[in-house]
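Below you'll find the structure, written out as C-alpha cells, and then a few comments.
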Amino acid sequence: MSLLKASKLNVGYDKKVIVHDLDFCVNEGDYLCILGSNGAGKSTLMKTIAGLIPKVSGQLDINNFVKRVGYLPQQSIVQKDFPASVYEVVISGCISGLGLRPFFNKKEKETAYMNMKRTGIYELKNKCYRNLSGGQQQRVLLARALCSASGLLMLDEPVNGLDPKAAKDMYELIAGLNKEGVAIIMVSHDVKSALQYPSHILHLGKEHKQLFFGSIKDYENTGYLEKLG
Amino acid sequence: MNNLISQLNYYFEYPFVRYAFVVGTLVALCSSLMGTTLVLKRYSFIGDGLSHVAFGAMAVASVCNLTNNTLLVMPVTIISAIFLLKGKQNSIIKGDAAIAMLSVGSLALGYMLLNVFSTSTNLSGDVCSTLFGSTSILTLKKEEVIVCLVLSVIVIFIFILFYNKIFAVTFDEDFAKASGVNTEKYNLLIAIVIAIIIVLGMNLVGSLLISALIVFPALSAMRIQKNFKAVVICSAVISVLCAVLGMLISIVYSTPVGSTIVSCDIAAFIICYFFERIFRFSR
C-alpha cells in the first residue's frame with residue numbers, strides 16, 4: 001500500500017522554490033533516508049510533508065491512513081530548560097485525538113505507557129526531561145511521535161548531537177520499529193552509519209534537484225556514495 | 001502580636017479592604033497560571049509591552065471621562081496582543097522592535113493626553129497610581145470587583161479546559177502543528193488571556209509592575225519543581241501567598257501595595273534559587 005506519493009513536487013518558503021521536481025513514494029514498511037548536503041532542502045521537504053509549510057506546487061498525496069504523521073523535529077532552544085516530566089512530554093503526542101475533550105482518557109494513557117516501553121524509557125517516566133542525556137531526550141521525543149503516528153514516522157536528524165554509542169542505539173531502535181511495520185522517513189547528515197538500515201534513498205543534490213530516488217541496492221551502484229565521502 | 005491582629009481586624013471591617021483582598025488574590029492566581037507558559041514560550045516581553053499599551057488606553061479612557069474604564073482598556077489591549085503576536089510571524093517591523101515601538105509610544109502618548117486634557121487636580125497622583133497601582137486597589141467599587149471575579153473565573157476555566165493543548169503548544173509548536181492542532185488559534189487564545197490578565201492586574205499593582213506578577217512566580221516555581229503540572233500549581237501557590245502577604249504588610253506598614261507584593265515575589269524567587277542550589281549540592 002502506498003503511504004505517500006510525490007510527483008513534480010516543488011517545496012520551499014514563501015512561494016520561493018528550494019527543491020524542484022521531486023518524484024518519490026513511500027510504501028508500507030519502507031525505510032526512506034533523505035540525503036543531501038547542508039542547504040539542499042531536506043528539512044524544508046520534511047516540514048512540507050508534515051504539513052508545517054504549504055507546498056509550492058506539484059502533487060503530494062498522503063494516504064488517509066497516515067493523515068497524521070509522527071513527526072520528530074530538530075530540538076528547539078525552548079525545550080532545553082523546559083520543566084516537564086517524561087510522561088507529560090510523551091502523552092502530549094496523543095493531542096491530535098483529543099479534539100474538544102479537555103483531558104486524556106485511559107486508552108491514551110495506556111498508549112503513552114506502551115510507547116515508553118517500546119523506546120526503553122519507561123523507568124524514566126517521572127524524571128525531568130531537561131535533566132536527561134541527549135540520547136534519552138531523543139527517545140522521549142520518539143515515543144511522543146509514536147503516540148501521534150498511525151504508521152508513518154518522520155525523523156529530522158534524530159542523532160544530531162549524540163555521541164557515537166547513543167547514535168548507534170538510536171539507529172537500532174529506529175530499525176527495530178521499522179521491522180515492527182512502521183514506515184520511516186529520516187533525514188540524516190551522517191551518511192555512513194545512516195545507510196546501514198534504510199530500504200530506500202532519496203538524494204537531494206546541490207543544484208536543488210533530486211539526484212536519485214530508489215532502493216538502497218541501486219543507490220550503491222550509482223557511485224554517489226563515494227562522492228559524498 | 002495581639003496588637004497586630006486587632007489592627008488587621010479593624011481594617012477588615014471596611015468593605016474596600018475586603019474587596020482589595022478578593023481582587024488581589026484572584027489577580028495573583030490568574031497571572032501565575034499563564035506566567036509559566038509566557039516564560040517558557042519566551043513571551044515575557046509581550047506582557048511588558050501590553051501593560052504599557054494598557055496604560056495608554058487607560059489615559060484615553062480617563063480623559064474621555066468614561067464611567068467604566070475597563071470597557072475601553074480591555075478591547076484595546078486585546079487587539080494589541082493579537083497585533084503583536086501576528087507581527088511576530090510576518091511583518092515589516094520585526095517582533096521585539098514592534099513591541100518596543102508600541103509600548104513606549106503608548107506610554108508617551110498616554111502621559112501627554114493626561115497632561116493636556118485631564119481635569120483632575122492631582123495629575124501626578126493619578127499617573128503614579130496607574131503606573132504603580134499605589135492606591136487604586138483600595139478604591140474599587142462593588143461592580144469592579146464583580147467584573148474582576150467573572151474575568152478571573154473565565155481565565156481559570158480556559159486554562160483548565162485547554163491545559164493539555166497549552167502544554168503541547170508551549171513545549172513544541174511544530175510537533176503540535178504536525179499532529180493537527182491549530183496552533184495559531186491557541187497562540188491567539190494565549191495572547192487574549194494574557195491581555196485580560198494584564199488589564200485585571202493594573203488595579204492591583206499598576207501597569208509597570210504587572211509583568212513582575214506574571215514572571216516571578218513562574219521563575220521561582222521552575223527552580224524547585226520538575227514537571228509542568230507541579231510548576232503551574234507551585235507558581236499559583238507562591239503567587240497567592242506573596243500577594244496576600246504583600247497586601248497585609250502594606251496595610252500594617254502603609255507601604256505601596258504593588259511594590260510590596262512584587263518585593264515579596266522577589267524574596268520568594270531568591271529563596272527558591274538558593275533552595276535549588278543547596279538541594280543540588282547535597283545530591
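Per chain, numbering begins at 1; letters A, B, ... match sequence-line order.
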### Least distance between heavy atoms, B/Lys177 atom then A/Leu52 atom
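In terms of heavy atoms, the two residues are closest at NZ-O, 3.1 Å.
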
#### Entry: Heavy-atom pair with the smallest gap, counting every atom of A/Leu98 and B/Lys165
CD2-CE, 4.0 Å

Is there side-chain contact between [X] and [Y], with at least one heavy-atom pair below 4.5 Å?
X: B/Lys226; Y: A/Asn131; result: yes
X: B/Ile160; Y: A/Pro102; result: no
X: B/Asp174; Y: A/Gln74; result: no

### Distance in Å, B/Asn164 CG paired with A/Phe103 CZ, rounded so as to fall on 0.5 Å steps
7.0 Å

### Task
Working to the nearest 0.5 Å, report the span between CG of B/Leu161 and CZ of A/Arg101.
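It comes to 13.5 Å.
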
### Task
Side chain from CB out, backbone as N, CA, C, O: work out which of these in B/Thr36 comes under 4.5 Å of a heavy atom of chain A, or both, or neither.
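It is neither, since no heavy atom gets under 4.5 Å.
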
### Query
Pick from B/Leu40, B/Val231, B/Thr170: which one has the most heavy-atom pairs with chain A under 4.5 Å?
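Looking at each of B/Leu40, B/Val231, B/Thr170 in turn, B/Leu40 comes out on top.
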
### Message
Just so I understand: if I count every heavy-atom pair under 4.5 Å between each of A/Ala50, A/Cys94, A/Ser96, A/Pro83 and chain B, which residue has the most?
### Response
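Most pairs with chain B among the choices: A/Pro83.
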
#### Entry: Closest-packed option against chain B by number of heavy-atom pairs under 4.5 Å, given A/Ala84, A/Gly93, A/Ala145, A/Ser92
A/Ala84

Check each atom of [X] against the heavy atoms of chain B and say whether the ones under 4.5 Å are side chain, backbone, both or neither.
X: A/Val89; value: both
X: A/Ile91; value: neither
X: A/Arg130; value: side chain

### Message
For the backbone of B/Asn227 and the side chain of A/Glu88, can you confirm whether one donor and one acceptor N or O come within less than 3.5 Å of each other?
### Response
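No; judged by distance alone, with no hydrogens or angles, the pair does not exist.
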
### Residue pairs involving residues 127-152 of chain A (criterion ring-ring contact (aromatic ring centres under 6.0 Å, His included); sequence neighbours excluded)
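Sorted pair list: A/Tyr129-B/Phe171.
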
### Message
Ring centroids only, cut at 6.0 angstrom: are A/Phe82 and B/Phe228 within range, meaning strictly under it?
### Response
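Yes, the ring centres sit under 6.0 Å apart.
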
Show me the donor-acceptor pairs, under 3.5 Å and distance only, between side chains in residues 10-18 of chain A and residues at least two apart or in other chains.
residue	atom	partner	partner atom	Å
A/Asn10	OD1	A/Asp21	N	2.8
A/Asn10	ND2	A/Ser57	OG	3.0
A/Tyr13	OH	A/Lys47	NZ	3.3

### A/Lys127 atom NZ, neighbour heavy-atom count above 12 within 6.0 Å
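Incorrect, the count does not exceed 12.
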
